[in-house]
Amino acid sequence: MLIDHYHTVRQHSLRLAAPLSDEDCGAQSMPDASPVKWHLAHTTWFFETFILESMEEGFAPFHPAFRVLFNSYYNGVGEKHPRAQRGLLTRPGMAQVRAYRANVDARIARLLAGELAREARERLTMLLALGLEHEQQHQELLLTDVKHLLAQSALFPAYWEGTFAPAQQLALPTAWLAFDGGLAQIGHAGDGFCFDNELPRHPQYVAPFELATALVTNGEFLAFIEAGGYRTAHLWLAEGWDWVRSQQLQCPLYWQVDDAGHWQEFTLSGLQPLDPALPATHLSLFEADAYAHWAGARLPTEGEWELAAQGVEVEVGRLHPAAGTPGAGLRQMFGHCWQWTSSSYAPYPGYRTAPGALGEYNGKFMLNQYVLRGSSCATPAGHARASYRNFFPAGARWQFSGIRLARQVE
Ligand SMILES: [Fe+2]
């Protein structure tokens, strides 16, 4: 039942916020990251604005100012509270945001249970599916934004008090899997949900290539650092070299050296010794590309990645990427780290945006960003698929982004 799915997804957002204090939920660590409270309210705003406003009889907003406060980027809806100032919203408090969620949930349930003409019901079903997928995207952002926030404190607080996979497992040697290539069908197929940017499915020629069966590990990335990777200009894209130099970067985000000279990594479970067997994560496209260059390989194109991923089972991860398991075939395609590709985020041939403000969902961001494929340890269950296109600017590294190498067939 759609209503059951609705409540399951909505409750999951609250569960993700449960380990956090109200103070945790209100803070914003950088313009790219939003407070948890804002995520909880904005996902609710999405249902209120795009469904209730047009479909509920006698619609009245929960609070008229919320239309502006929790509008992310929809110019078609109107004014927006500035993105970099979301952390200044001490009001509404968490209690009022929870009440907002409960109010909208009850109204959505009422609308869904009521009489609707066939066309209206079809539209409601489509909008609810989009709203729930949207909420799942924010569930992932909620976790990566919280991680960035908690990392700002010398207390290095844990979001989750448990421990991840045992440290110091044996890393798997890099193995390669060959693909014949050819004329591949790329893009979403079938009746299931997809975002507009995964359409239309279209033919794309892919030359024969090889893909690494596992993600680049911390141990392998450490070898790049120790070989002077961050100080070697010719490995980097020009903009990447400027980025490294201007920020004086020497390692991935969340890595640091303790007083005894040992590498540590901040995780959602606090500061941990760096485990060489785990995938290297929180890397920018610049770092991924420089590493690939140093390793004598390259990043895959999104077409290559999707061709390889078709038919691979989707894994669901758990707050931190895990070590690869032995065995044949591709590992860690889903559920560990998003994988940078060398493909610019651009429309597929024949791409069309939806009419109205919802047309702003994806299409207007198709400039100066790169595609990442797969899913991460923070991606909620049921949200990943082979045709999914995530995208970020080349310097972004607060997502769980890692490296899968590709190379030409000799
Ligand atoms: Fe959003």
Side-chain angles (χ1 to χ4, degrees), residues 6 9-14 16-17 25-26 28-54 61-63 65-87 89 92 97-98 100-101 104-105 108 126-149 193-198 338 345 353-354 356-367 369 371-372 375-376 378-380 382-384 388-393 396 398-400:
Y6 177 86
V9 172
R10 295 281 288 162
Q11 278 160 14
H12 187 60
S13 300
L14 293 176
L16 290 176
C25 291
Q28 180 175 24
S29 58
M30 62 171 170
D32 279 341
S34 298
V36 168
K37 185 172 70 178
W38 189 89
H39 284 297
L40 294 175
H42 162 71
T43 46
T44 306
W45 168 94
F46 193 95
F47 289 105
E48 186 178 47
T49 306
F50 292 120
I51 297 181
L52 295 178
E53 200 172 297
S54 61
F62 177 81
H63 192 300
F66 285 12
R67 199 170 194 277
V68 173
L69 288 183
F70 301 118
N71 179 5
S72 52
Y73 55 65
Y74 295 90
N75 295 319
V77 171
E79 291 301 310
K80 302 171 287 286
H81 179 81
R83 179 177 183 162
Q85 294 173 24
R86 291 173 183 165
L89 297 174
V97 167
R98 287 178 201 282
Y100 180 38
R101 289 182 68 89
V104 167
D105 288 349
I108 289 285
M126 185 274 288
L127 290 172
L128 279 175
L130 180 64
L132 292 173
E133 296 283 334
H134 170 255
E135 180 131 2
Q136 289 185 315
Q137 290 184 311
H138 278 275
Q139 288 169 354
E140 173 148 8
L141 292 171
L142 186 156
L143 286 170
T144 51
D145 292 358
V146 159
K147 183 169 180 178
H148 192 265
L149 173 68
F193 177 87
C194 75
F195 287 108
D196 59 8
N197 61 7
E198 298 165 59
W338 290 99
Y345 181 47
T353 55
L358 275 175
E360 297 182 52
Y361 199 108
N362 279 313
K364 72 180 187 180
F365 299 110
M366 290 174 174
L367 181 71
Q369 313 218 47
V371 174
L372 300 98
S375 64
S376 86
T379 309
H383 191 68
Y388 198 105
R389 305 173 83 199
N390 200 354
F391 53 91
F392 279 97
W398 91 109
Q399 298 305 302
F400 285 95

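Counting convention: from 1, in listed order, for ligands and their atoms alike. Computed from a prediction, not measured in an experiment: that's the story for all the values here.
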Once ring pair (Phe, Tyr, Trp, His ring centres under 6.0 Å) is applied, do any residues pair with H81, and if so which ones, sequence neighbours excluded? none

Do F70 and F46 touch side chain to side chain, with heavy atoms closer than 4.5 Å? no

Applying salt bridge (charged side-chain N to carboxylate O under 4.0 Å, His left out) to D105 and not counting sequence neighbours gives R10

Test applied, side chain to side chain contact (heavy atoms under 4.5 Å, CB included); reference residue, V9; option that passes from H383, E135, H134: E135

Going by salt bridge (Lys or Arg N to Asp or Glu O under 4.0 Å), name the pairs with one or both residues in residues 356-367, residues two or more places apart or in two chains. E360-K364

Just wondering, do F195 and R389 contact through their side chains at under 4.5 Å, heavy atoms? no

Sorted by chain and number, protein N/O/S atoms nearer to the Fe ion (ligand 1) than 2.8 Å are H42 NE2, H134 NE2, H138 NE2

